Amino acid sequence: MAHALKLGEVFKTFKTSGKGLSDAEVKQRLEVHGKNELTAHNKTPLIIKFLEEFKDLMVIILIIAALIAGVAGEMIDASVILFIVILNACIGFAQKFKAEKALEALQKMVSPNARVVRNGKEMMINAENLVPGDIVILSEGDKITADMRLIEAAELRVSESALTGESRPVSKIADIIYDKDEHIAEMQNMVFMGTSIVRGTGRAVVVGTGMNTEFGKIAKLTTGTVKDASPLQKEILKIGVFVGKITLVLSAILFLVGYFIQDDGLLESFLFSVSVAVAAVPEGLPATITIALAIGVQRLAKRNAIIKQLASVETLGSTTVICSDKTGTLTKNEMTVQEIHFGDYNAKVTGVGYSPEGDIHFKADKEVVSILNHRGHKVSMDDLKNRHKTLYKMSELIFKNAALCNDAKLITEKGSSSILGDPTEGALLTMAAKGGYLKSKLEKSHKRIFELPFESGRKRMSVIIKESGKFFAYTKGAPEMIIPKCTHIIKNGEIKKLTPNDKKRLEKLNKDMATRALRVIAFAYKEVKEQKIYKESEVESKLVFTGLCGMIDPPRTEVKEAVALTHRAGIKIYIVTGDQGLTANAIAQKLNIVQGKNVRIITGKILNRLSTAKLKKEFKKHDQIIFARVSPEHKLKVVDTLKQMGEVVAVTGDGVNDAPALKRADIGVAMGIVGTDVSKEAANMVLADDK
């Protein structure tokens with residue numbers, strides 16, 4: 001693996017250098033490796049798709065019955081049966097065609113470009129022309145278009161949620177990773193196709209393109225996964241076999257009785273037995289089932305659920321177990337601040353994602369004071385200033401810090417909010433906006449004159465802001481890096497000495513928030529003098545601690561009710577995610593998927609050691625199981641085991657890593673808006689309103 005090679009070995013292995021490849025080398029490698037694209041499935045001709053509607057056993061029996069009836073002269077019966085068979089095929093074909101067209105509309109994507117070094121010069125090319133050995137320049141906001149080994153990385157952070165299920169951006173480095181068996185989520189010196197850069201810059205060598213990427217390997221695994229017949233299809237097959245056997249036996253007996261016992265003629269006995277066979281075949285059953293399923297498809301379509309196979313409607317109602325991805329499925333895949341702690345006060349923050357709509361409920365002197373942003377009436381910060389001056393002063397410092405010590409941008413278009421930049425900083429901007437502090441407005445009166453950018457080693461960021469003729473340093477970062485830099489703390493609106501007891505209390509609060517899978521950010525500030533050049537040691541020392549905030553990728557608001565409904569229906573739910581076990585458990589507790597401390601967390605490494613038989617014992621032994629840090633192969637193993645136990649399994653997911661399990665499940669449910677093309681292709685049902 002490229003991650004275990006030294007930089008010189010990487011260049012040598014892929015026969016490249018810092019100057020990149022020549023045009024001749026690129027041409028030669030394109031011929032060897034092909035274009036950097038996933039191999040598309042050959043589209044089945046429409047006539048073949050229509051003929052596939054006639055391969056069902058029950059339909060075949062009906063066609064045989066119609067042919068026999070025709071030969072016997074029963075043209076009316078033959079015509080009726082053939083009409084029903086063709087009508088059934090047309091309804092089924094129409095539903096599939098309609099579903100595929102709807103799906104194509106969801107899957108339209110624009111092929112991205114890539115900035116590369118070739119012939120010693122930088123140039124922009126179509127990403128499909130990337131080849132192994134290309135040197136790619138990476139910048140904030142770029143989509144990764146191939147698998148690459150980093151050779152330079154400056155504060156590089158990458159969102160890998162679609163590929164690994166990791167909800168937080170991953171810090172990347174250019175150093176060698178010596179463990180050859182690392183999970184891809186731990187390969188910090190690699191970036192993978194299908195992910196995106198949220199911060200920083202870098203350079204990388206392309207080591208895999210097209211189907212030879214991790215993305216492509218999952219696509220191969222998905223296409224190689226066998227899709228079982230649905231429970232309804234299995235039952236219809238049983239009915240078809242049963243009816244076929246009974247009909248043949250009865251027809252044979254009637255023929256023998258008529259010919260040998262009643263002395264009827266050969267033709268008369270044959271016609272009578274055929275008439276009974278035709279009457280015995282339930283020719284209306286396929287059409288009735290198809291029409292009933294088609295009605296179900298239409299009803300689901302009105303609820304923005306696109307069904308790709310008619311039989312999936314019945315499977316949906318037969319489900320006994322749901323295996324759900326976490327990031328992007330149970331959660332929004334958008335970091336959101338949920339609580340703030342400052343001095344003796346705290347606040348709960350409502351709302352999901354990057355929309356500034358939501359409430360901030362301050363607890364002040366046993367009274368709850370709320371700033372409401374999504375209703376007609378609103379308690380403004382000015383009202384708060386009049387009612388609780390201390391609370392106003394302390395919260396204002398945090399909101400200003402969150403908005404001004406921040407490089408992200410909050411974008412609102414057509415009623416939808418998104419962020420440009422790091423998700424963590426986006427969550428802080430949203431929190432400040434809910435409090436009435438918009439970065440765009442603050443910057444008009446608060447000028448940034450200096451910045452100490454975030455670095456992975458320092459785990460903090462600082463800015464110097466000029467405000468009303470004064471200069472203030474605002475600092476934010478990991479609590480363990482901020483608290484030691486503080487000498488004072490704000491309590492009840494007054495700056496006081498930070499005591500050892502204060503530090504212990506803050507450390508305990510930080511630990512408590514972390515155990516609930518919250519990402520904790522600390523804030524501090526101080527007034528500084530105007531200088532031409534500011535040193536880090538001067539800016540980030542003797543700070544005044546102002547507070548902590550905790551954020552998480554929160555559950556979707558509608559999921560909790562859906563979980564309650566599934567529990568009432570007797571359906572079990574297992575979270576199967578590539579994210580950390582602690583984070584998954586926290587989300588599962590919030591949604592009541594699991595309760596209490598008796599929760600079994602099985603990681604991918606544990607799954608590697610468990611045979612199918614041992615995994616079955618785990619399911620029987622533990623009612624509450626969370627599968628964390630798992631790969632696509634692990635998800636497939638979980639689904640296979642449950643199916644072997646007789647369960648009807650539904651899988652929900654949105655990422656590339658969910659696709660094999662989505663296809664193997666009795667019914668796979670993909671997210672239509674945030675979901676990847678691979679997951680939607682593998683699923684039986686696509687939710688078109690998952691935002």
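For clarity, every value in this text was computed on a predicted model and none was experimentally measured.
The shortest heavy-atom contact between Ala402 and Leu428 is CB-O, 3.7 Å. Nearest approach of Val198 to Pro169, heavy atoms of both residues: CG2-CB, 3.6 Å. Shown here for Gly353 and Thr430, the closest heavy-atom pair between the two residues is O-CG2, 3.8 Å. Between Met148 and Val136, the shortest heavy-atom contact is SD-CB, 3.8 Å. Looking at every heavy atom in both residues, Lys476 comes nearest to Cys405 through NZ-O, 2.7 Å.
The side-chain heavy atoms of Glu128 and Thr209, taken from C-beta on, include no pair separated by under 4.5 Å.
Not counting sequence neighbours, the partners of Phe627 by the ring-ring contact (aromatic ring centres under 6.0 Å, His included) test are Phe619.
The environment of NZ in Lys466 is sparse: at most 12 heavy-atom neighbours from other residues, nucleotides or ligands sit within 6.0 Å. Remark: Gln28 CD is loosely packed, at most 12 non-hydrogen atoms of other residues, nucleotides or ligands lying under 6.0 Å away.
Between Tyr474 and Tyr525, the two ring planes are parallel [angle under 30°; tilted spans 30° to 60°].
Looking at Glu443 and Arg448, no side-chain N of the basic residue comes within less than 4.0 Å of a carboxylate O on the acidic one, giving no salt bridge. Salt bridge Lys635/Asp325: present, at least one basic N to carboxylate O contact under 4.0 Å.
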In sequence, state the C-alpha distance, the side-chain angles, and the governing distance for Asn126 and Asn113, and then conclude on side chain to side chain donor-acceptor pair (under 3.5 Å).
-> CA-CA 5 Å; Asn126 191 308; Asn113 296 322; 4.7 Å; no
